[in-house]
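Worksheet for the structure shown next.
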Amino acid sequence: MEKQEQSNIMVGKMYAQCEKLKKDLEKFKKLEQEIHFLNQTGEGDLKAKKRIEELKMAYPGGLKKEKAQIESCVNDLKVQFKQLKTYINNLHISTQ
């Protein structure tokens with residue numbers, strides 16, 4: 001496989017991971033906003049109370065697990081970007 005192909009594959013995989021992370025972050029932010037809103041209106045609103053209870057059952061530990069997964073993905077991407085940078089630098093050096 002050509003070096004250019006390898007780097008294109010690496011970039012493609014990283015791009016796909018970034019897109020997935022972007023979607024996951026949006027879902028996470030929306031859920032955080034919903035929880036914040038529900039907590040503000042929950043006392044007097046039966047629907048809000050019910051939704052809060054549903055979320056507590058769905059996420060018994062809060063959003064800690066989901067946040068940790070997102071942080072792990074970000075850390076993985078950081079490592080991959082460093083690896084890609086090293087790979088590109090090595091390509092540059094080898095072509096001189």
Side-chain angles (χ1 to χ4, degrees):
M1 186 180 302
E2 285 184 32
K3 292 177 182 181
Q4 180 66 34
E5 275 184 71
Q6 287 177 317
S7 60
N8 286 344
I9 290 170
M10 289 172 71
V11 169
K13 287 180 182 179
M14 290 171 60
Y15 179 80
Q17 286 180 316
C18 285
E19 288 300 307
K20 182 184 180 315
L21 179 60
K22 192 171 154 181
K23 289 177 185 176
D24 289 347
L25 278 171
E26 285 301 314
K27 288 178 189 177
F28 184 78
K29 286 178 184 178
K30 285 179 183 178
L31 191 54
E32 279 186 321
Q33 289 172 347
E34 179 184 5
I35 290 169
H36 179 72
F37 175 77
L38 290 171
N39 283 328
Q40 289 180 334
T41 61
E43 290 301 317
D45 186 342
L46 292 177
K47 286 183 182 179
K49 277 185 178 181
K50 183 179 178 190
R51 180 67 177 144
I52 289 170
E53 289 304 314
E54 290 170 351
L55 289 169
K56 283 182 182 177
M57 290 177 67
Y59 303 99
L63 297 176
K64 293 176 189 173
K65 179 182 171 188
E66 287 73 20
K67 186 176 181 179
Q69 288 174 335
I70 290 172
E71 289 172 350
S72 175
C73 186
V74 168
N75 289 331
D76 289 347
L77 281 170
K78 285 179 183 179
V79 169
Q80 289 176 3
F81 276 114
K82 286 179 184 179
Q83 289 172 342
L84 181 60
K85 182 180 175 183
T86 301
Y87 180 77
I88 290 171
N89 286 338
N90 289 340
L91 279 177
H92 179 70
I93 291 170
S94 69
T95 58
Q96 289 183 350

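One is the number of the first residue; the rest follow in order along the sequence.
Checked by atom type, the side-chain pair His36/Gln40 shows a donor-acceptor distance below 3.5 Å.
Residues Leu25 and Lys22 have side chains not in contact (no heavy-atom distance under 4.5 Å, counting atoms from C-beta outward). In this structure, the side chains of Leu55 and Leu31 come closer than 4.5 Å at one or more pairs of heavy atoms.
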Verdict with supporting geometry, Glu66 and Lys27, salt bridge (charged side-chain N to carboxylate O under 4.0 Å, His left out)
CA-CA 10 Å; Glu66 287 73 20; Lys27 288 178 189 177; over 6 Å; no
Evaluate side-chain contact (heavy atoms from CB on, under 4.5 Å) for Arg51 paired with Glu34, printing each intermediate quantity in order.
CA-CA 10 Å; Arg51 180 67 177 144; Glu34 179 184 5; 2.6 Å; yes
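Using modelled atom types, no side-chain atom of Ser72 and backbone atom of Ala68 make a donor-acceptor pair closer than 3.5 Å. Using modelled atom types, no side-chain atom of Asp45 and backbone atom of Thr41 make a donor-acceptor pair closer than 3.5 Å.
With Thr86 as reference, Asn90 is the one residue of Ile88, Asn89, Asn90 to meet the side chain to side chain contact (heavy atoms under 4.5 Å, CB included) rule.
Atoms CD1 and NZ, from Ile70 and Lys29 in turn, are 9.5 Å apart once rounded to the nearest 0.5 Å. Put simply, CZ on Phe81 and CE on Met10 are 10.5 Å apart, with the number rounded to the nearest 0.5 Å. Atom CD of Gln17 sits about 9.0 Å away from atom NZ of Lys13, to the nearest 0.5 Å. We find the CD-SG distance between Gln80 and Cys18 to be 8.5 Å, quoted to the nearest 0.5 Å. For the atom pair NZ (Lys30) and CD (Glu26), the distance works out to 6.5 Å, reported to the nearest 0.5 Å. Rounding to the nearest 0.5 Å gives a distance of 11.5 Å between CD of Gln69 and CG of Leu21.
For the pair Leu77 and Met14, the tightest heavy-atom approach, listed with the atom from each and the gap, is CD2-O, 4.0 Å.
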